[in-house]
Amino acid sequence: MADTAVTTPLRSPLSHAADRLAAATRTSGGAIRLAELPFLTQINVRLDPKGAAADAVGLALGLQLPVEPDTVVRAGELTALWLGPDEWLVVGPPGGQQGLENRIRSAAGDEPVSVIDVSAQRTTLLVAGPRARDVLAHGCSLDLHPRVFGPGRCAQTNLGRAQVLLVARDDPKAGFWVLVRASFAGYLTDWLLDATVEWTG
């Protein structure tokens, strides 16, 4: 019997805003780059950082979970963000949720660990370009100077009035990831576009 199931294509929270983000990037003359990075795999992990599971999970992922507050460790296609003393967000390419979740659970074995796929909870905005810090500084109370919030740093903070997870990418030219809840993504996009008007006219 033929498969008659209807497959609905995935639709990102900001698919409707892609043209506006691209237009702002074009008209900024290279000062700002704005884009959505949709569907990134995001796995929330909680475990004892001093327990056997931490080392085993690190080996399975090919990176050590960061233990310094508000730091990021990246290896290959995976990025681990410190969220708390026993909590991390592991970010990977789209579509890797099940495999990544299984790797972490398998590595932890019988050790107590919480592994939750939160990929659908947030989307990711890329804010890059020479004026990226200036744009973010309009609505963020953090000191974003490169000496303070440079590559390898992350923070849970507010941008505009939205709660976000802000990540300084490992190469300054790569800019920032802004992970925002899907329900606030449209608002934050409008805010970012408004904040860039000085360079996008």
Using 0.5 Å steps for rounding, measure from the [atom1] atom of [X] to the [atom2] atom of [Y].
X	Y	atom1	atom2	result
Leu83	Trp88	CG	CH2	9.5 Å
Asp134	Glu198	CG	CD	7.5 Å
Arg122	Leu89	CZ	CG	5.0 Å
Ser114	Asn44	OG	CG	6.0 Å

Transitively linked via ILVMFWY side-chain contacts under 4.5 Å: [X] with [Y]?
X	Y	result
Leu125	Leu142	yes
Val180	Leu144	yes
Val73	Trp82	yes
Leu179	Val127	no
Ile116	Val90	no

request  = Taking the six-membered ring of Trp177 (Phe, Tyr or Trp), confirm whether the NZ or CZ of Arg169 is under 6.0 Å from its centre and within 45° of its axis.
outcome  = yes
Could you tell me whether the side chain of [Y] reaches within less than 4.5 Å of the side chain of [X], counting heavy atoms only?
X	Y	answer
Leu166	Leu136	yes
Thr41	Ile43	yes
Arg20	Asp190	yes
Leu21	Arg26	no
Leu188	Leu159	yes
Leu192	Val135	yes
Arg161	Phe184	no
Leu100	Leu78	yes

query = Would you call the rings of Phe176 and Phe149 parallel, tilted or perpendicular if under 30° counts as parallel and over 60° as perpendicular?
reply = parallel
ask   = Would you find more than 12 non-hydrogen atoms of other residues, nucleotides or ligands less than 6.0 Å from Asp110 atom CG?
value = no
ask   = Should we say atom CG of Asp19 is surrounded by more than 12 heavy atoms from elsewhere, each under 6.0 Å from it?
value = no
Test item: side-chain donor near acceptor, [X] and [Y], under 3.5 Å:
X	Y	answer
Gln163	Arg181	no
Gln42	Asp117	no
Thr124	Glu36	no

query = Does the side chain to side chain contact (heavy atoms under 4.5 Å, CB included) test come out yes or no for Phe39 and Ser119, once each step is laid out?
reply = CA-CA 7 Å; Phe39 312 125; Ser119 305; over 6 Å; no
inquiry  = One pair to check against salt bridge (charged side-chain N to carboxylate O under 4.0 Å, His left out): Arg74 and Asp170. What are the steps and the verdict?
reply    = CA-CA 8 Å; Arg74 185 171 183 263; Asp170 49 358; 3.2 Å; yes
task = Determine yes or no for a side-chain-to-main-chain donor-acceptor pair under 3.5 angstrom, with Thr196 supplying the side chain and Trp199 the backbone.
result = no
inquiry  = With a 3.5 Å distance limit and no angle check, can you tell me whether Thr25 reaches the backbone of Leu34 through a side-chain donor-acceptor pair?
reply    = yes
query = So Glu111 and Arg105, salt bridge (charged side-chain N to carboxylate O under 4.0 Å, His left out) or not? Walk me through it.
reply = CA-CA 9 Å; Glu111 294 291 315; Arg105 288 186 188 283; over 6 Å; no
